[in-house]
Amino acid sequence: MEPRPIVMPEYPRCVYIEVTNTCNLLCQTCPITFMDLEARDVLSYDKFLAIVSQFPRIERAVLHGIGEPLLNKALPQMISYLKRHKGSHVLFNSNATLLKADWQRSLIEAQLDELRVSLDAATPETYRKIRGAPVFPKIIENLQGMVTTKAALGSTLPKLSLWCTGMKENLAELPDLVRLAARLGIGEVYLQRLVFYDEGQTIGLARADQSLYGLSEQYAEDIIAECERLSQELGVRLEASGATNPRTSLTTDQTDPAPWRACQRPWTVTYVTVNGNILPCCIAPFATRDYQSILLGNLFARPFDEIWNGDRYQEFRSGLQSLQAPSDACAKCGAKWSL
């Protein structure tokens with residue numbers, strides 16, 4: 001593998017901006033259910049402007065991190081600003097529990113490009129177990145409403161997709177999730193495998209014993225084959241997160257001793273938390289308890305041009321090209337998850 005520069009003359013054109021790190025659910029796969037990584041907050045519009053002003057060009061703006069973006073009332077204003085002044089492709093993930101008629105119209109009028117709905121189940125029972133609340137019927141109603149409101153306003157945007165964090169609890173429901181997407185008129189379903197802690201964690205589902213890697217390969221392959229058949233039959237695209245596909249996302253390359261060396265994120269992307277902290281990617285907070293190891297600077301304390309090629313970023317880029325991962329988070333990210 002050719003060495004990559006540790007100093008980057010160009011700024012990232014994909015920026016993750018965490019508009020809040022608060023949430024209205026208690027998902028068993030999310031670190032904020034069990035700990036506070038940072039002080040809880042909702043990003044003000046003024047602070048949002050202070051962030052985006054430091055990036056001359058934002059081709060892709062992702063307005064989520066840890067937290068539920070619809071808890072930020074300024075979100076439509078932020079989307080509109082990015083569309084008008086930056087020409088950005090704007091998207092975010094949501095649990096869609098708050099996606100009522102007013103939010104539906106506001107997001108459409110703001111010209112949001114993509115709304116990714118994290119569902120993780122095709123039944124109310126499994127949803128409640130994984131996401132900590134009996135709100136599955138409400139979410140389905142909200143999604144039906146969004147499809148109807150888009151049609152009423154004559155809008156093709158935002159593009160809707162369903163996202164499933166795959167684990168032992170829910171993988172068998174993936175075919176039904178494809179069927180559900182078809183019934184709702186949603187054209188894409190994404191599978192992303194569970195990223196887990198393995199440091200003696202005993203609470204929550206985000207543990208090694210829930211990982212898909214513990215499943216029989218034949219069991220997983222049969223489920224994916226059924227989903228692929230349904231995808232063709234129902235016209236719903238089945239995809240995977242990162243630089244992979246649903247089949248290969250369920251396996252790991254045991255021959256690569258340092259899969260993190262393929263990661264491009266600290267060269268192409270940056271993540272700004274609600275408190276201004278800079279992280280290398282959106283996966284890192286889910287894969288380590290050593291939060292200090294993934295902090296690369298603070299945008300409210302120092303300008304981004306000093307952080308982007310500062311010592312911490314250079315150390316991180318250098319470490320990603322070595323046989324020793326620069327952070328525990330990188331070692332646990334897995335094959336192609338965050339490329």
Side-chain angles (χ1 to χ4, degrees), residues 14-25 27 30 32 40-53 55 58-120 127 131 133 135-163 180-181 183-190 271-274 282:
C14 176
V15 182
Y16 284 69
I17 302 172
E18 188 177 73
V19 297
T20 183
N21 59 1
T22 62
C23 194
N24 58 342
L25 291 181
C27 300
C30 183
I32 65 169
R40 301 292 179 97
D41 203 357
V42 176
L43 189 69
S44 69
Y45 186 66
D46 286 344
K47 286 187 174 180
F48 163 80
L49 292 178
I51 292 169
V52 299
S53 68
F55 297 90
I58 302 178
E59 292 180 354
R60 183 177 178 87
V62 185
L63 301 183
H64 68 239
I66 290 181
E68 170 49 49
L70 295 184
L71 290 171
N72 190 325
K73 299 298 185 184
L75 188 59
Q77 190 178 7
M78 295 173 179
I79 296 166
S80 295
Y81 181 90
L82 286 163
K83 298 301 296 182
R84 289 197 315 270
H85 297 283
K86 297 291 185 179
S88 308
H89 181 94
V90 186
L91 65 133
F92 64 85
N93 280 42
S94 171
N95 60 39
T97 56
L98 302 175
L99 191 62
K100 298 296 186 181
D102 55 344
W103 266 116
Q104 295 164 17
R105 182 174 288 272
S106 293
L107 295 177
I108 293 168
E109 291 176 348
Q111 298 184 307
L112 178 69
D113 291 286
E114 293 183 53
L115 176 60
R116 300 175 170 184
V117 177
S118 301
L119 201 53
D120 290 350
Y127 186 91
R131 294 211 153 235
V135 292
F136 186 82
K138 178 194 294 186
I139 295 168
I140 302 307
E141 179 182 346
N142 291 347
L143 290 174
Q144 290 171 329
M146 187 61 163
V147 172
T148 301
T149 303
K150 281 176 58 179
L153 295 178
S155 179
T156 59
L157 298 177
K159 182 178 76 172
L160 301 174
S161 55
L162 301 183
W163 288 65
L180 175 61
R183 290 199 301 272
L184 292 171
I186 294 174
E188 295 180 351
V189 172
Y190 283 77
Y271 176 136
V272 188
T273 75
V274 69
C282 64

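- Around atom CZ of R40, more than 12 heavy atoms belonging to other residues, nucleotides or ligands sit under 6.0 Å away.
- Side-chain atoms of E18 come within 3.5 Å of backbone atoms of V274 as a donor-acceptor pair (strictly under, hydrogens ignored).
- Between A96 and E68, the closest heavy-atom pair is N-OE1, 4.4 Å.
- The shortest distance between side-chain heavy atoms of K83 and V90 falls below 4.5 Å.
- Every residue was checked against the side-chain hydrogen bond (donor to acceptor under 3.5 Å, both in side chains) condition with R60, not counting sequence neighbours, and none meets it.
- Counting only distance, with no hydrogens or angles, the side chain of T97 and the backbone of I139 share no donor-acceptor pair below 3.5 Å.
- Defined by atom type and a distance below 3.5 Å, a donor-acceptor pair is missing between the side-chain atoms of E59 and S88.
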- Message: Checking S161 against V117 for the side-chain contact (heavy atoms from CB on, under 4.5 Å) test, could you report, in this order, the C-alpha distance in whole Å, the side-chain angles of both residues, the deciding distance, and whether it holds?
- Response: CA-CA 6 Å; S161 55; V117 177; over 6 Å; no
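- Here the straight-line distance linking atom CZ of F136 with atom CG of D120 works out to 10.5 Å at 0.5 Å rounding.
- At least one side-chain heavy atom of V135 sits under 4.5 Å from a side-chain heavy atom of L25.
- Not one N or O on the side chain of Q77 forms a donor-acceptor pair closer than 3.5 Å with the backbone of Y45.
- Annotation: the span from R131 atom CZ to N24 atom CG amounts to 10.0 Å, rounded to 0.5 Å.
- Side-chain atoms of N72 come within 3.5 Å of backbone atoms of V19 as a donor-acceptor pair (strictly under, hydrogens ignored).
- Residues R116 and E188 have side chains not in contact (no heavy-atom distance under 4.5 Å, counting atoms from C-beta outward).
- Residues M146 and L99 approach most closely at CB-CD2, 4.1 Å, considering heavy atoms.
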- Could you go through the side-chain contact (heavy atoms from CB on, under 4.5 Å) check for L184 and I140 one step at a time? CA-CA 8 Å; L184 292 171; I140 302 307; 4.0 Å; yes
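- Considering all non-hydrogen atoms of both residues, S44 and M78 come closest at O-CE, 4.0 Å.
- Residues V62 and F92 have side chains not in contact (no heavy-atom distance under 4.5 Å, counting atoms from C-beta outward).
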- Message: Working note: L180 + I186, criterion side-chain contact (heavy atoms from CB on, under 4.5 Å); need CA distance, chi angles, decisive distance, verdict.
- Response: CA-CA 8 Å; L180 175 61; I186 294 174; over 6 Å; no
- Begin from the C-alpha positions of V52 and L82 and carry the test side-chain contact (heavy atoms from CB on, under 4.5 Å) through to its verdict. CA-CA 8 Å; V52 299; L82 286 163; 4.1 Å; yes
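- Closest heavy-atom contact between I66 and Y271: N-OH, 3.4 Å.
- Take S106 and apply the side-chain hydrogen bond (donor to acceptor under 3.5 Å, both in side chains) test, not counting sequence neighbours, and it matches no residue.
- The shortest distance between side-chain heavy atoms of L63 and Y16 does not fall below 4.5 Å.
- A pairwise comparison of heavy atoms in F48 and I17 identifies CE1-CD1, 4.1 Å as the closest pair.
- The CG atom of L43 sits 8.5 Å away from the OG1 atom of T20 when rounded to the nearest 0.5 Å.
- Contact check for Q111 versus P158: no side-chain heavy atoms found under the 4.5 Å cut-off.
- Here H64 contributes atom NE2 and S94 contributes atom OG; the two are 10.5 Å apart, rounded to the nearest 0.5 Å.
- Here the NE2 atom belonging to H89 is positioned 8.5 Å from the CG atom belonging to L112, to the nearest 0.5 angstrom.
- Taking the side chain as every heavy atom from C-beta outward, K150 and L160 approach each other to under 4.5 Å.
- Residues L143 and L162 are in side-chain contact: their nearest non-hydrogen atoms beyond the backbone lie under 4.5 Å apart.
- Note that the OG atom of S118 and the CG atom of N93 stand 4.0 Å from one another [nearest 0.5 Å].
- Here the closest non-hydrogen pair linking L157 and D113 is CD2-O, 3.6 Å.
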